[in-house]
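Report on the following structure.
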Protein chains: 2
Amino acid sequence: MKKNEYEQLRLDHQLCFPLYAASRAVTQKYTPILKPLGLTYTQYLVMLVLWEQDGLRVSELCEKLFLDSGTVTPLLKKMEQQGLLTRERSGSDERVVIVHLTEKGMDLREKAKNIPSEIGSCIALSVEEAGALYTLLYKLMNQK
Amino acid sequence: MKKNEYEQLRLDHQLCFPLYAASRAVTQKYTPILKPLGLTYTQYLVMLVLWEQDGLRVSELCEKLFLDSGTVTPLLKKMEQQGLLTRERSGSDERVVIVHLTEKGMDLREKAKNIPSEIGSCIALSVEEAGALYTLLYKLMNQK
DNA sequence: TACAATTATATTGTATTCAATATAATTATG
DNA sequence: CATAATTATATTGAATACAATATAATTGTA
């Protein structure tokens, strides 16, 4: 029984591991594609959010991306330096920082337009598989 | 048609995002569980591999975990300092570093034994869902 | 056997992540 | 209205990740 005692600890019995490895693998696929746009993967996620809805608070960006201020604040500062966005304190509540895209930030959308299909073409999943995966992952990420 | 032009760039149309967010969410579940063992998540993965097969090369650990030497080398040094393992150059090939668990490293396995079920109990997926997810993730991580 | 490739780790530099804490502004309450 | 509690963001510190490069050892080959 000695063998079975630790059976559960086998790497190939873990769900966390392929999740972790697949996530990194997919992120790595983005790196060369995002490089011409001057974006990292996390910066790209911020842009996706802002292209959909500009003028969000830092806290709203954090919520949408499931990231905390320790990650997002330096990220936004860097992106501000790069001229992609602006950060200004709200007039009505000085604690709040509102993020707006610059012209340059908005223009980048055009260059990014085809990235999803580029990525899609190098991900070997059928539409059904991708849909099933999507559903399962959302289930996983939305539980507290 | 302006709206549809950028439809693909919506955050909720991306597969990468729930993958990334779910991965981080799951890793975060491990943090408090691993803390009593003095392990981080990545260190735990190294231990899983070594508990299964001791005496691996650094390169073999890298392959199994899909990590590169820039991640693994400092990780192993830290774990060596903590007394969990030893790193020695191979006699037959001085380029090779062989990693062995110490007594302390092996003993930790007993304390880790129930972690998979602890994690399993806070992951809200059925056995079938977990199986399907597992299969899809392996598909994703194994494509070059 | 010199010495050009190759191989195995290690190092460096940049960019995340996140827990924990700090700070400043606003709100709630006695 | 003073101040305790809360809120929003920022800072700090520790641990990853990974691309790019470096170094040392080994192998292949003219």
Side-chain angles (χ1 to χ4, degrees), chain A residues 16-17 19-35 38-46 56-82 84 87-99 141, chain B residues 16-17 20-35 38-47 56-82 84 87-99 141:
Chain A
C16 64
F17 175 62
L19 185 58
Y20 162 81
S23 174
R24 287 186 296 109
V26 170
T27 299
Q28 279 183 62
K29 284 198 197 296
Y30 277 90
T31 305
I33 292 176
L34 292 173
K35 190 147 197 174
L39 294 174
T40 63
Y41 177 69
T42 319
Q43 289 173 357
Y44 173 65
L45 293 181
V46 170
L56 291 176
R57 300 167 166 215
V58 171
S59 58
E60 290 171 321
L61 279 167
C62 289
E63 277 167 34
K64 285 175 187 292
L65 297 175
F66 294 80
L67 292 168
D68 82 0
S69 67
T71 302
V72 172
T73 294
L75 195 61
L76 293 176
K77 284 188 179 175
K78 174 72 58 93
M79 294 171 79
E80 186 180 36
Q81 282 174 13
Q82 296 172 337
L84 296 172
R87 294 156 62 246
E88 333 176 56
R89 294 276 165 186
S90 162
S92 60
D93 185 340
E94 284 285 338
R95 295 169 304 178
V96 173
V97 170
I98 307 287
V99 180
M141 70 189 254
Chain B
C16 65
F17 174 62
Y20 163 81
S23 174
R24 286 186 297 108
V26 169
T27 300
Q28 280 184 60
K29 285 199 195 298
Y30 276 89
T31 305
I33 292 176
L34 291 173
K35 190 149 196 173
L39 293 175
T40 63
Y41 178 68
T42 319
Q43 290 173 357
Y44 173 66
L45 292 181
V46 170
M47 295 305 286
L56 291 177
R57 299 168 166 215
V58 170
S59 58
E60 290 171 321
L61 279 166
C62 289
E63 278 167 34
K64 285 175 187 292
L65 298 175
F66 293 81
L67 292 169
D68 82 1
S69 67
T71 303
V72 171
T73 294
L75 194 62
L76 292 176
K77 283 186 178 176
K78 174 70 61 90
M79 294 172 80
E80 185 179 37
Q81 282 174 12
Q82 295 171 339
L84 295 173
R87 295 157 62 246
E88 334 175 56
R89 294 277 165 185
S90 162
S92 59
D93 186 341
E94 283 286 336
R95 294 170 304 180
V96 172
V97 171
I98 306 288
V99 180
M141 69 188 254

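We name chains A, B, ... by the order of the sequence lines, and we start the count at 1 in each one.
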Whole-Å distance, B:Leu67 CG to D:dC18 P, equals 6 Å

In whole angstroms, the gap separating P of D:dA17 from CE of B:Met141 amounts to 14 Å

Does the A:Thr27 side chain pair with the main chain of A:Ser23, one donor and one acceptor, at a distance under 3.5 Å?
yes

The answer to which of A:Lys35 and B:Gly91 contacts DNA chain D further toward the 5' end, by nearest nucleotide, is A:Lys35

Expected string for nucleotides 9-15 of chain C under the B/S/- scheme (protein heavy atoms, under 4.0 Å, primed atoms plus P, OP1, OP2 as sugar-phosphate) is SBB---S

From CG of B:Leu65 across to P of D:dA15 the rounded distance in Å is 18 Å

Separation of D:dT16 atom C1' from B:Leu39 atom CG, nearest Å, is 15 Å

Per nearest nucleotide of DNA chain C, the residue lying toward the 5' end, A:Asp93 or B:Tyr20, is B:Tyr20

Any side-chain heavy atom of B:Thr42 sitting closer than 4.5 Å to one from A:Tyr20?
yes

Within the 4.0 Å heavy-atom criterion, would you say B:Ser23 contacts the bases, only the backbone, or no part of the nucleic acid? nothing

- Taking the side chain from A:Arg87 and the backbone from A:Ile98, do they hold a donor-acceptor pair closer than 3.5 Å? no

From CG of B:Leu34 across to P of C:dC18 the rounded distance in Å is 15 Å

request  = Find out whether A:Lys64 and A:Leu56 are in side-chain contact, i.e. whether some heavy atom of one side chain is under 4.5 Å from a heavy atom of the other.
outcome  = yes

To the nearest angstrom, the CE-C1' distance between B:Met79 and D:dA15 comes to 13 Å

Taken to the nearest whole Å, CZ/B:Phe17 to C1'/C:dT16 is 15 Å

What is the nucleic acid contact for A:Ser92, judged by heavy atoms within less than 4.0 Å: base, sugar-phosphate only, or nothing? sugar-phosphate

Heavy-atom nearest nucleotide on DNA chain D taken for B:Thr27 and for B:Glu94; more 5' hit belongs to B:Thr27

Separation of D:dT16 atom P from B:Gln28 atom CD, nearest Å, is 15 Å

Rounded to the nearest 0.5 Å, the CG atom of A:Leu19 sits from the CZ atom of A:Arg24 at a distance of 11.0 Å

task: Could you tell me whether the phosphate oxygens of D:dA17, OP1 or OP2, come under 4.0 Å of any side-chain nitrogen or oxygen in A:Tyr41?
output: no

Tell me whether B:Arg57 contacts the main-chain N or O of B:Val99 through its side chain, where contact means a donor paired with an acceptor under 3.5 Å.
no

CG of B:Leu61 to CG of B:Leu45, rounded to nearest 0.5 Å, is 11.0 Å

